[in-house]
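In what follows, every chain begins at residue 1, and chains take the letters A, B, ... in the order their sequences are listed. Just so we're clear, the structure is a prediction, and the values are computed from it rather than from any experiment.
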Amino acid sequence: MRKTYRFTCIICPLGCSVEVEVEDGKVLEVRGHTCPRGKEWAVQEVISPKRVVMTVIPVENGALPTVSVKTSEPVPKEKIPELMRFLAGIKVKAPVNIGDVVAEWNGVKIVATRGA
Amino acid sequence: MKTKVAVIGAGISGASIARVLSRYENLEVHLIEKAPDVGWGVSKANTALIHGGYDDDPDKYPTRAKLCIRGNRLWHRWVKELQIAHVWNGALIVALKDEDFDELERLLERGRRNGVPEMRIVEGDELFHLEPGLTREAIGALWVPIVGQIAPIPAVIALVENAVANGVKTHLETEVRGIKVENGEVKGVKTNNGFIEADVIINAAGLYADEIARMAGIDYFEIHPRKGEYWIFDDDVPGPRRVLFPTPTPVSKGIVVTTEVSGHLMIGPNAQDLPPEEKDNLATTKEGLEGVWEGAKKLWPQLPPRSKVIRTFAGLRPEPTGGDFIIKAEEEVWGFINVAGIRSPGLTSAPAIAYEVAEMIQRDLGIKLVAKSNWNPYRREITHFFMLPPEKANELVKKNPAYGKIVCRCNSVSEGDILEAIERMKFIGVKTPSVDSVKFRTKATTGTCQGSFCRPRIVQLLAKEYGVEPWKVTLKGRGSEIGIGDVKALLRGDEA
Amino acid sequence: MMKPFPEVPMLSYDVVVIGGGPAGMASAIKAKELGLKVLLLDENDYLGGILPQCIHPGFGIHYFKEELTGPEFASRLAKRLVELGVEYRTSARVLEIRNYSDLEKFVLFTSPAGIYGVWAKAIIYAAGARERHAFEIGIVGDRVSGIYTAGEAQTLMDIYGVLPGKGIVIVGSGDVGLIMARRFSLEGAKVKAVIELMPYPGGLARNVMILRDFNIPLYLSHKVVEVRGKGRVERVKVVKVDKNLKEIPGSEFWIEADTLVISAGLVPAVKKLKKIGVEIDPATAGPVVNDRLETSVPGIFVAGNSLVINDLVDYVAEQGELAAEGAKEFIENSGTESRKWIKVERGENVRLVVPHYLSGERDVYLYLRVLKPMEDVELRIPEIGKRLKLLVVKPAEMIRLKLKAEEIRNAEKLTVEVTGA
């Protein structure tokens, strides 16, 4: 089945309207992009979109009740709900330093972005 | 044995009554309120005026006419004893057309009959000297110097604090479900928190006074809610020096333009009669608010752009059958005193109503009241950082650093102010922590940003002082919690 | 020198920076590097302004050449600030600013350590912005729990760990609103709709993509007009608007929700500047400034969201540095001088542009926003024959344009316009 995906490229402020034509999981054509990075991004968006995930987790005895964290690398979009459920079970104790790895999930590091 | 008195309703009437009755040795006074804090009913949302007493026709509404001027005089003393924010700035009832003067003359005459001092008609330069920002269409006004403004909820809080300090017991979040009457005498009130024995019951239940009366078998009056809507503007918008009224119509005193006690231009109210079952309909409406805007513009043409609006709100006035206050020791149910239909000028009349009730207890119920020797008429207002000169504030900060830390940036409310407010909440028996309780005591969240910066911090302080989780802190009582759980509550599947 | 509050202890600095967010920190760092004696005041318990709660990535690509989250960006600046030994006070709220003369500024502030007066030769004002709230945008109905500005919801969730609600309607498709749509969705809440008054989305493209990621309906040309509920929000009324943003009768519908998040734009927090007579540009709602970011009151500089609402923190930090350079020059020369001021005016399809006056003696960045989105346009400044082709312009995306001193030196005024090519 042929399918056309349309979206606004987010690589730079130009915001090109990119179209990606796909058949049976294979990219047939990319249109509307202005640069190779945009094309690469658009293909990735269609084949296997990934996102950096951010959240807060509770911290005991910290100056604030939570510490913010992010994944050290983008994770596949469809895995995000599973990751969030995993993160819902995590608690840490102060002190936490910015950059500390507070957990690991399927090889992805969960890194503190705020100290506590 | 002390006589047990149950006052139903901790609004301005009930609180005033509780305070006045707290003077007597032989009374045990219980103040019963269904809301989590005091003053959250009719007293909360009104024009906050201490009226002059010229408006109420002594032939049609003798009780209003008598108590309004008396209340005005009493408030002059009470605001000092209780340190209630106030301003005595006088009112102008403005004439825009020649016919209006006929009505102003009638008001002047009525005011004189009611005993209102110092009223007169002003015109020309004197009028605009009294109110430079008034519409140039104005051709004259009735000048009533004794009119003033107070902060109504802080007034209720002050009264209740003083009453509690003098031995009154409060029962908050306590809803009256029935009145026990035996052999034509009251015995007590049934509530969601159990039975409260009482020899005398005072029904000051505001909008619900008819329902409470019916519980005692008294059904000769009904209370209808009448909605009034208001706009409040940012404190850098110039407002009038005086309270500005249009010339009244037979229906209403009209849309008032004031600078309320904390310095904000306020306009309103309109008057919309609601069906009796809508006693909790406090929703603002677009049509209503637009009407208020148009009305206010006639007196105060320089209304600011809409971006200067910081709040709109609505209040309900309890309109009784017949229109006059119903203040009466009911003969068929001994010990039951109605203080019902306390519509405008109820705030003004409250102190006079309270003395009237004390008088009824003596006169109609034959209970001789014995004054306490150690009754304390004074109550100290909480610290307001923004009112202190820096030198004074510094002394305070040296003793307690919390006073140096600002939580509400728009109104310069310090953490110390808020902690004091929380202590006072506990003092009068507030059980459910709510942001509104702090707001009405400190003015936090009422400024330009309407609390978007400080509300989360107030929630933290309330949570800590009340020992609850922050999401359980409420905006204004149960059912208005700030959150539904901790940030992971839904993901864990144990949503609150 | 006079002593306005005899009992209050006095401090003395070259420059006081008001606000410890990215603009303030960048500016205090720069001022220190330039050899000024500087004091930074911030009212929060921690440095960083709003950044510590902006836990998403997307910060610092220009300024640090690296993509960071908000707290990380803040912590880098804070680290540098501490390394340099910049004096700063947190939980310190400015109560009053007075301008006695060009080199005699006075700032009164309170803190848990006491109330202090500060004398300074210059002030850099970087106190950020505030959010527009529900009353300001005319929403009527019940005053209930469950109505939050986006920033308040963000503070509750990402600082204090409180989940505000589970069925969310967001007013405004600006960046903060969209970012909160993602945060709510990630934490398991259902974002039922994003309601946008304009016929186009208000946020950066990378944030608009959040809607697709989480299947969130976007209603363009709609507004929320009413909230109903008992205690808590139960439903919100939405109405469609026409081209002139007028409500279309009969188009109303209700969405059930327990939470209404208002993301209806930011307003520079400049009340204290207005009080000392600083001239305000109605287009930006911030001060009118020259190319040192100096306001109409000599020696009072402004940067970041107090100057103009930015969408990139990188530009905010850049403005902070520029203001510090201005303060340095002002203090050294006892004033900011220029043989003339070239006025920058808004032309066709330009909603705002800062700075407002250029000296023509230095290179300068213009920051501007367009009124409406357009494609294949030219940014023109006819007076100097400047033309720049742009493929796309959007109100959501600030345009930053560098002008060289030699280009503008001889101009009397500049009109910036963005029109079809």
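For C/A264, no part lies under 4.5 angstrom from a heavy atom of chain B. Interface residue C/L108: only side-chain heavy atoms are found under 4.5 Å from chain B. B/F385 touches chain C through its side chain: at least one heavy atom from C-beta onward sits under 4.5 Å away, while N, CA, C and O do not. In this structure, the portion of C/E247 lying under 4.5 Å from any heavy atom of chain B is its side chain and not its backbone. Looking at B/L289, only its side chain comes within 4.5 Å of chain C, counting heavy atoms on both sides. Only the side chain of C/D45 comes within contact range of chain B, judged by heavy atoms closer than 4.5 Å. Only the backbone of C/L186 comes within contact range of chain B, with heavy atoms under 4.5 Å apart. For B/K286, the parts lying near chain C are the backbone and the side chain together; criterion is any non-hydrogen pair under 4.5 Å. Neither the backbone nor the side chain of C/F109 has a heavy atom closer than 4.5 Å to any heavy atom of chain B. Using a 4.5 Å cut-off between heavy atoms, B/L282 contacts chain C through its backbone alone, with no side-chain atom that close. Neither the backbone nor the side chain of B/A402 comes within less than 4.5 Å of any heavy atom of chain C. Contact of B/N400 with chain C is not made at all, since no heavy-atom distance falls under 4.5 Å. If you measure heavy-atom distances from B/S412 to chain C, the contacts under 4.5 Å come from the side chain alone. Contacts of C/A113 with chain B are made by backbone atoms alone, with heavy-atom separations under 4.5 Å and no side-chain atom involved.
In this structure, the separation between CZ on B/F453 and CD on C/E131 is 6.5 Å, given to the nearest 0.5 Å. To the nearest 0.5 Å, the span separating CD on B/Q450 from CZ on C/R130 amounts to 9.5 Å.
A 4.5 Å side-chain heavy-atom check between C/H133 and B/C449 finds every atom pair outside the cut-off. C/V144 places none of its side-chain heavy atoms less than 4.5 Å from the side chain of B/L475. Side-chain contact check for B/R409 versus C/R93: some heavy-atom pair is nearer than 4.5 Å. Here the side chains of B/F313 and C/R143 are not in contact, with every heavy-atom distance at 4.5 Å or above. Looking only at side-chain heavy atoms (C-beta outward), B/D486 and C/L163 stay at 4.5 Å or farther from each other.
Of the listed residues (B/I310, B/V435, B/D236), the greatest number of heavy-atom pairs within a distance under 4.5 Å of chain C belongs to B/I310. In terms of heavy-atom pairs under 4.5 angstrom with chain B, the leader among C/G151, C/G114, C/P6 is C/G114. Annotation: maximal heavy-atom pairing with chain B below 4.5 Å, among C/E7, C/E187, C/E43, occurs at C/E187. The choice from C/A134, C/G161, C/G117, C/G141 that makes the most heavy-atom pairs within less than 4.5 Å of chain B is C/G141. Ranked by heavy-atom pairs under 4.5 Å with chain C, the list B/P470, B/C410, B/S307 is led by B/S307.
With C/T110 contributing its side chain and B/G404 its backbone, the two residues share a donor-acceptor pair below 3.5 Å. Within the 3.5 Å criterion, the main-chain N or O of C/V140 finds no donor-acceptor partner in the side chain of B/T284. Between the side chain of B/N394 and the backbone N or O of C/I115, at least one donor-acceptor pair lies under 3.5 Å. The main-chain N or O of B/E481 is found under 3.5 Å from a side-chain atom of C/S145 such that the two form a donor-acceptor pair. Although no hydrogens or angles enter the test, the distance criterion places no donor-acceptor pair under 3.5 Å between the side chain of C/Y160 and the main chain of B/R457.
Annotation: C/R98, atom CZ; neighbour count of heavy atoms from other residues, nucleotides and ligands within 6.0 Å is above 12. Around atom CD of C/E256, no more than 12 heavy atoms belonging to other residues, nucleotides or ligands sit under 6.0 Å away. Enclosure of atom CE in B/M387 is not indicated, since only 12 or fewer non-hydrogen atoms of other residues, nucleotides or ligands lie within 6.0 angstrom. More than 12 heavy-atom neighbours from other residues, nucleotides or ligands sit within 6.0 angstrom of NZ on B/K398. Residue C/Y46 qualifies as enclosed at atom OH: its count of foreign heavy atoms under 6.0 Å is above 12. Around NZ of B/K431, the count of heavy atoms belonging to other residues, nucleotides or ligands within 6.0 Å exceeds 12. Residue B/K279 qualifies as enclosed at atom NZ: its count of foreign heavy atoms under 6.0 Å is above 12.
Nearest heavy-atom pair across B/S452 and C/T149 is CB-OG1, 3.2 Å. Heavy-atom minimum distance, B/K405 versus C/S91: CE-OG, 4.0 Å. For the pair B/A283 and C/D142, the tightest heavy-atom approach, listed with the atom from each and the gap, is CB-OD1, 3.2 Å. Across B/V309 and C/F135, no two heavy atoms sit closer than the pair CG1-O, 4.1 Å. Closest approach of C/S111 and B/V397 over heavy atoms only: O-CG1, 3.5 Å. The nearest pair of heavy atoms linking B/P390 to C/V8 is CB-CG2, 3.8 Å.
At a heavy-atom cut-off of under 4.5 Å, chain B is reached by C/R228, C/K230, C/G231, C/R232 from residues 226-234 of chain C, listed in order of number.
Residues C/K271 and B/T448 have side chains that bring a donor and an acceptor to within less than 3.5 angstrom of each other.
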Fill in: Residues C/D258, B/I484; criterion side chain to side chain contact (heavy atoms under 4.5 Å, CB included); working and verdict
CA-CA 10 Å; C/D258 68 353; B/I484 59 167; 4.2 Å; yes
Worksheet item: Taking it one step at a time, do B/R306 and C/E136 satisfy salt bridge (Lys or Arg N to Asp or Glu O under 4.0 Å)?
Response: CA-CA 7 Å; B/R306 298 287 167 101; C/E136 210 171 343; over 6 Å; no
